[in-house]
Peer 1: 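Pasting in a structure now, in structure tokens, and then I'll have a few things to ask.
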Number of protein chains: 2
Amino acid sequence: MRQSENFNLRIPKGTRDLLPSEKILKNKLVDVLKSNFEIFGFSPLETPALELLDVLTAKFAAGEKSDAMKELFTLRDRGNRELGLRFDMTVPLARVVASNPQIPKPFKRYAIGPAWRNGPVKTGRYREFWQCDVDTVGIKEMYADAEILSLVNKIFDKLGIKHEIRINNRKILTGILKDLEIPLEKHKEVLITIDKLHKLTKEELLEEFYNERGIDKKTAEKILEMIKIKDIKILEKKIKNGQDGLKELKELLKYCKMFNVKNLVFDVSLARGLTYYTSTVFEVFASDGLIKSSLAAGGRWDDMIQKFSKLDKKIPAVGISFGIDVILDYLKLSNKIELKKSVCDVLVIPLETVKESIEILTELREKNIKSDIELSNKSLSKKLKYVNTLEIPFVVIVGKKDLVNGQITFKEMKKGEERKVRRGSLIEELKNILFKK
Amino acid sequence: MRQSENFNLRIPKGTRDLLPSEKILKNKLVDVLKSNFEIFGFSPLETPALELLDVLTAKFAAGEKSDAMKELFTLRDRGNRELGLRFDMTVPLARVVASNPQIPKPFKRYAIGPAWRNGPVKTGRYREFWQCDVDTVGIKEMYADAEILSLVNKIFDKLGIKHEIRINNRKILTGILKDLEIPLEKHKEVLITIDKLHKLTKEELLEEFYNERGIDKKTAEKILEMIKIKDIKILEKKIKNGQDGLKELKELLKYCKMFNVKNLVFDVSLARGLTYYTSTVFEVFASDGLIKSSLAAGGRWDDMIQKFSKLDKKIPAVGISFGIDVILDYLKLSNKIELKKSVCDVLVIPLETVKESIEILTELREKNIKSDIELSNKSLSKKLKYVNTLEIPFVVIVGKKDLVNGQITFKEMKKGEERKVRRGSLIEELKNILFKK
């Protein structure tokens, strides 16, 4: 047996502990996400963190050639089977849909939980992170895409985050590249440069096109000219290939109007890293630019389930990932949210009234008031220090003499106020303060 | 790159997919657990699924010699560091407490999430399972134990599960074995046989004591006689060692009375498998015996954090694990719960009224009614078949002629009723049905 005299109490690189203040905030965010997903008719799905390695790598055969392949955490079970930790929620969804043909379509599901990538660790990039996905499987029409954009508005409005949704259709971008006679095998790397439109200067872009992608200056300038066009009608006249993408985009916008989707910005330069997107793509940004990364992103992936499962018919899908970590970072940076160090709203402190104090505590808890008691033999001032450290907003001090008069002492810590309250009206008073906000 | 022509769409042995009907039920259970943990002043903590292998195995050096050691899923990160998947929530808690001395005590936390054991797969035993733990760290007095038992009552009452809490104190059991001069190194295996008291016949027990534990028949009979005693006062007179355990137990019962804990049964034979328990131990069972396994179990583990972290003072702790899977099994078996195949409560079906139907849908969603729309060109009867398959309770059919009269058609699927409703009163009607239950 391993001896552990000097073992280290650290956690693995790229992982984190969320102490209560962070986890309370995360739970709040997850609650907002879940409840609104369900209002939009998406049901929850849970798949295991562990998948067969063959299943996880099947995605790549189906078109995806991202870093995720090199970044798999692999392991073996006691039967020596090769396993891997899931790196997203899309592969598991494709597997579930392909192996459960009895599931009625449309299948609208959400999935929230950890995923893993054994990649380089940077700011905002972790090896263990939470993925939060919403997808509609089985609808090829653009109203499914519009509905997801409507969900985006609802979620970020609820969170009080002013946002902008950049949308595009992959087919338009591919059409532009085809028009310019850029060979298909170069598209992927050219798109990587296109994705940097808002980050690099014109000169840097031209240089990257020439030096790294082998695109001559004239063609590169033409690409830049085309992807800066903001007007769909102008674009329509200027492209030959990609008209199918424009048609889908106009269909999408028609439904967006019916769903009353706001804050849409057409951006033909939007490519999105993942190669499995086939049509609509979108990214959501905070309007105030407090955080530059996208807060959510997604698109339509009509081919993957079929390729993945070798079915003879296409199973279309469209979905979005909400970036839980980046949204949390935004909420903290924007000072819109108060970090709570404990869930506890009320601490009961007995002064030689253990029995009666537990009675009061039990009454509070029966009324769903988040409450606790300090029964140790520490001094009152030490107990109040604990209250202050944990930022518990209310304290009920139960003194012997007070009780005789049917009273308790009620402290509102923020106001620094202390007053006597009738024991019988304590709960009503607290409910008014806590639940009527 | 791996080719995947014939890969298999299965999931790893000992793991499961929870399709919406199962996951909706699980989410409901988790919500009841979480909200009541918070009412009792426990705050959430999240730790990574991945831990350093040295940390995970440190527990065993600290006393625990269970199968978990042999059943670790191990892996390596890209820096070739040895990692493991957590097998419980206790080791991560001990690590967090030991490495964050600034956390104010008492530290009351809950943790819910997946854990992994690479062990044999049996009914109800999975390789990936959910762990749900509640612990109070930093209180040595028995009121922390009583509070957790009070939480047990609250949770199972809320779930409508009649239950019984068997309690004991490890020190009493150890005392009995000491009194009978059973050598300390034999205690662990003797306790394993004692744990079978309610499963084996007297003859089988005596045989196991003799053949497998090397206990002579007279001593074995004496053990059986002692562990069947139900009366604390009788036990008090009969034992020499273990009086400290009895004292703690009486203290616990005193606090249980104040917390109004119900359904307690003293059972001196209760040993609990885990060796790290130092004092109070308890297990919760369904009174109707529908499921024989315990639904929740826990105890006091005063030594582990100190041993684990090499601190110079003891950090006492007491906690409980709720068996999410077994509680779900119970709820399904007891027919107390209705499995929902979708979260959706209302499906809107347009009859050539796409725009108006999306308007109605948007109104429903604004009022937090879980709703969806069927915009495909399938026939009405196919759409109603989808409603029946997913057991969606209400349908709103939006016809052109009806709309002219300010009406829609409202179907209650369970009752098989269909009636016209004024468009303006639809929401009120639905809110009355859905939210006033």
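Here is how names work: the chains are called A, B, and so on, in the same order as the sequence lines, proteins then strands, and each is numbered from 1.
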Peer 1: Report yes if the side chains of A:Leu45 and B:Lys23 come closer than 4.5 Å at any heavy-atom pair, otherwise no.
Peer 2: no
Peer 1: Working to the nearest 0.5 angstrom, can you tell me the gap between A:Glu374 CD and B:Tyr143 OH?
Peer 2: 5.5 Å
Peer 1: Please name the pair of heavy atoms, one in B:Arg16 and one in A:Pro48, separated by the smallest distance, quoted to 0.1 Å.
Peer 2: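 So the minimum-distance heavy-atom pair works out to O-CD, 3.1 Å.
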Peer 1: Who among A:Ser342, A:Gly113, A:Ser371, A:Ala144 has the most heavy-atom pairs with chain B under 4.5 Å?
Peer 2: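 Most heavy-atom pairs within the cutoff with chain B belong to A:Ser371.
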Peer 1: Which answer fits A:Arg365, side chain, backbone, both or neither, if we ask what part of it has an atom under 4.5 Å from a heavy atom of chain B?
Peer 2: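 The answer is both parts of A:Arg365.
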Peer 1: Where on A:Ile103 is there a heavy atom nearer than 4.5 Å to chain B: the side chain, the backbone, both, or neither?
Peer 2: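 Interface part for A:Ile103: side chain.
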Peer 1: Examine whether an atom of A:Tyr126 lies under 4.5 Å from a heavy atom of chain B, and if so say whether it belongs to the side chain, the backbone or both; otherwise answer neither.
Peer 2: neither
Peer 1: Considering only heavy atoms, which portion of A:Leu85 lies under 4.5 Å from any heavy atom of chain B: side chain, backbone, both, or neither?
Peer 2: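 The side chain, not the backbone.
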Peer 1: Relative to chain B, which segment of A:Phe129 carries a heavy atom at a distance below 4.5 Å: side chain, backbone, both, or neither?
Peer 2: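 Neither; nothing under 4.5 Å.
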Peer 1: With a 4.5 angstrom heavy-atom cut-off, could you sort out which part of B:Lys385 is near chain A: side chain, backbone, both or neither?
Peer 2: neither
Peer 1: Under a 4.5 Å heavy-atom cut-off, does chain B meet the side chain of A:Lys254, its backbone, both or neither?
Peer 2: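 Nothing of A:Lys254, per the 4.5 Å heavy-atom cut-off to chain B.
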Peer 1: Any salt bridge linking A:Asp77 with B:Arg127? Criterion: basic side-chain nitrogen under 4.0 Å from a carboxylate oxygen.
Peer 2: yes
Peer 1: Checking the side chain of A:Glu51 only, and the main-chain atoms of B:Ile11 only, is there a donor and an acceptor separated by less than 3.5 Å?
Peer 2: no
Peer 1: Pick one of side chain, backbone, both or neither for A:Pro120, based on which atoms fall under 4.5 Å of a heavy atom in chain B.
Peer 2: both
Peer 1: Against chain B, label A:Glu356 side chain, backbone, both or neither, depending on which of its atoms sit under 4.5 Å from a heavy atom there.
Peer 2: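 When you check distances to chain B, no heavy atom of A:Glu356 falls under 4.5 Å.
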Peer 1: Which one of B:Arg109, B:Glu38, B:Lys108 satisfies the side-chain contact (heavy atoms from CB on, under 4.5 Å) criterion with A:Val343?
Peer 2: B:Glu38
Peer 1: Can you find a heavy atom in the side chain of B:Asp372 that is under 4.5 Å from one in the side chain of A:Glu147?
Peer 2: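 In contact.
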Peer 1: Which region of A:Ile369, side chain (C-beta onward) or backbone (N, CA, C, O), has a non-hydrogen atom less than 4.5 Å from a non-hydrogen atom of chain B, or is it both or neither?
Peer 2: backbone
Peer 1: Go through the atoms of A:Asp345 and report whether side chain, backbone, both or neither lie under 4.5 Å from a heavy atom of chain B.
Peer 2: neither
Peer 1: Using only atom types and a distance under 3.5 Å, with no angle test, would you say the side chain of A:Tyr386 pairs donor to acceptor with the backbone of B:Pro106?
Peer 2: yes
Peer 1: Is A:Thr74 close to chain B through its backbone or its side chain, or both, or neither, when contacts mean heavy atoms under 4.5 Å?
Peer 2: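 Backbone of A:Thr74 only, per the 4.5 Å heavy-atom cut-off to chain B.
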Peer 1: Side chain, backbone, both or neither: which part of A:Phe259 has an atom under 4.5 Å from a heavy atom of chain B?
Peer 2: both
